[in-house]
Amino acid sequence: MKTEKNDVLEKVVSLAKRKGFVFQSSEVYGGLNGCWDYGPLGVELLKNIKEEWWKFFTYRDDIEGLDASILMHPRVWEASGHVENFTDPMIDCKQCKARFRIDHLADNINAKKKGKLIEFVAALPEAAEFHEEANQILDSKDESLYSDFITKIFESKDASTPTLAEVTCPQCGTKGSFTSARKFNLMFKTFVGPVEEDSNVVYLRPETAQGIFVNFLNVQNSSRQKLPFGIAQIGKAFRNEINTKYFLFRTREFEQMEMQFFCHPDADKKWYDYWKAERLEWYKSLGMNGERLRYHDHPKDKLAHYAKEATDIEYQFPFGWGEMEGIHNRTNFDLGRHEEYSGKSFKYFDEETKEKFIPFIIETSAGASRSFMAFLIDSYNEEEVNGEVRTVLKLHPKLAPIKAAILPLVNKDGMPEFARKIEADLRRNYKVFYDDKGAVGRRYRRQDEAGTPFCITIDTQSMEDGTVTIRERDSMEQIRIEASKIGVYLFEKIYA
RNA sequence: GCGGGCAUAACUCAGCUGGUAGAGUGUCAGCUUCCCAAGCUGAAUGUCGCGGGUUCGAAUCCCGUUGCCCGCUCCA
């Protein structure tokens, strides 16, 4: 099992490198953990995925597009909860999986226990530097000092682990079940202006959603939309993940395709169900194997702070099921918080019902990079043809990086000239590739590996009657049509 | 973050117990080729991931480091 699953991922990674889909970032310097570059074919595939996504949403009359900046006002992330949740040291209980902010943990310990804990620290070899302070606090008998001191110990380098081992989990009561403390600085920090000081700190956005939320009324007013309506955005987001993993699956820099749908609080369930169904169909409509797709509904007690209901659309990767897209009922949490933090109103006024309220938001948040990897893996096929292995990417024609290859059967008798004319004609509308190197069979296989759905071949008969053959990638079957009709043929095959 | 494995040409890999690198595929040039990785001729490409150490001498042994993969952990 293990070798088999490694196999597929390794083969795809190898193909990705060889054919120019994905390279490791800064490869010549040894690579940068969790960062990848998209090569000539990869950037086309990614662009096509994004384009299909963009059309799916913004070609509707109830969804508008947006492209917000990556750097945003730091207060945005205070309102969203990201600063609070990600910059303080946290620990987890291994037993019950509960997570605690360390500065809150001390408050959950009763006074008597705190005293004992400080006595423990006073005798702890790893806490030598704190012994004096511990004894002073014990002597003072001032219990109001206890919490701050314990927090200090918890946050210290050497003394925290042995001290935490003496503490019981406030939730499940297990003793010594805590992980060591760590800071969840999930947001990348940088500075605006030349001076690196705290007042100039800004963050690279850890999600694109907030750019949509803060622009909700701008978009609504300028586009004259009425509820319910949505705002779609594609863009990079950054998270300083502790672990990167599985090729493109968990990276520090990634691209999100998000649509936030604003609706009346009473209509949330309806739209949640609607988008949940629509989004799964989208992957299938682009050729993804339905048996490798499923929903993973989040149990109510595991929901994020902002969500009322949530599900993931998961793909069965070689390493297991993994999330490609999240669909969340974010309620009025985000807009409410921005109203609170900015002092500006985020309420919507409904002329018909004369109702004024903060809309609910149904979010569909897809990972472009994860979808990219899923489409790549899903389309990867090895077939036996005449005793040889044929590697072929059966990508949907809409997603294929190159739509057609133009191949003169031999390099003489006017075939190259005719082929070049066809190429020039098709290039006006399609990404095509001209190849006259080597035997035609080899050229077909090269295109199979790149996922090119159609190969147009010019032969002797072409020179006589102006027809060409079109070879279809998956069936390897050929038809013959007039050269003048290639454009129409491709359009129907790709987009119809 | 912890533990394990790996790192040699664009890709897949060989290189045994130390004597300054090789195969297949691919790529490029030419010939030949009328339809599925055909054939012939020729060519290019590696400070053996990076940095130290041991040694007369290191791809090979040792240490460190970075990256990738696997298992935990984590993934509001």
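Sequence lines set the chain letters: A, B, ... in the order given, protein chains first and strands last, and positions in each chain run from 1.
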> Under a 4.5 Å cut-off applied to non-hydrogen side-chain atoms, are A/Ile402 and A/Tyr430 in contact?
Replying inline: no
> Is any side-chain heavy atom of A/Thr244 closer than 4.5 Å to a side-chain heavy atom of A/Trp36?
Replying inline: no
> OP1 or OP2 of B/rU27 sitting under 4.0 Å from any side-chain N/O of A/Arg446?
Replying inline: yes
> Should A/Lys19 be listed as having a side-chain N or O under 4.0 Å from OP1 or OP2 of B/rA10?
Replying inline: no
Can you find a donor-acceptor pair, distance only, under 3.5 Å between [X] side chain and [N] base?
X	N	value
A/Tyr444	B/rC35	yes
A/Arg443	B/rC36	no
A/Lys245	B/rU73	yes

Hey, is [X] close enough to [Y] for a salt bridge, meaning N to O under 4.0 Å?
X	Y	answer
A/Arg480	A/Asp459	yes
A/Arg18	A/Glu449	yes
A/Glu309	A/Lys276	no

> A/Lys437 or A/Tyr246: which one's nearest nucleotide on RNA chain B is closer to the 5' end?
Replying inline: A/Lys437
> Nearest nucleotide by nearest heavy atom, which residue falls closer to the 5' end of RNA chain B, A/Thr244 or A/Arg18?
Replying inline: A/Arg18
Given [options], the nucleotide with the shortest approach to the side chain of [X]:
X	options	value
A/Asn33	B/rU33, B/rC68, B/rC70	B/rC68
A/Ser14	B/rC69, B/rC35, B/rU12	B/rU12
A/Arg442	B/rU27, B/rC11, B/rC35	B/rU27

> Looking at residues at least two apart in the chain, or sitting in another chain, which of them share a side-chain hydrogen bond (donor to acceptor under 3.5 Å, both in side chains) with A/Gln233?
Replying inline: none
Using the [atom1] atoms only, state how far [M] lies from [N], rounded to an integer number of Å.
N	M	atom1	value
B/rC63	B/rC70	P	26 Å
B/rU55	B/rC62	C1'	12 Å
B/rA10	B/rU45	C1'	9 Å

Identify all pairs in which a protein N or O lies below 3.5 Å from an N or O of nucleotides 40-43 of chain B, and state each distance.
none

> Would you say A/Arg390's side chain and A/Asn381's backbone share a donor-acceptor pair under 3.5 angstrom?
Replying inline: no
> Centres of the A/Phe249 and A/Phe317 rings: under 6.0 Å?
Replying inline: yes
> Could you state the CE-C1' distance from A/Met415 to B/rU33, rounded to the nearest angstrom?
Replying inline: 11 Å
>> Exactly one of A/Glu258, A/Glu207, A/Glu253 should register a salt bridge (charged side-chain N to carboxylate O under 4.0 Å, His left out) with A/Lys236. Which one does?
In response: A/Glu253
> RNA chain B in dot-bracket, Watson-Crick or G-U pairs under 3.5 Å, [ ] crossing, | other strand?
Replying inline: (((((((..((((.....[..)))).(((((.......))))).....(((((..]....))))))))))))....
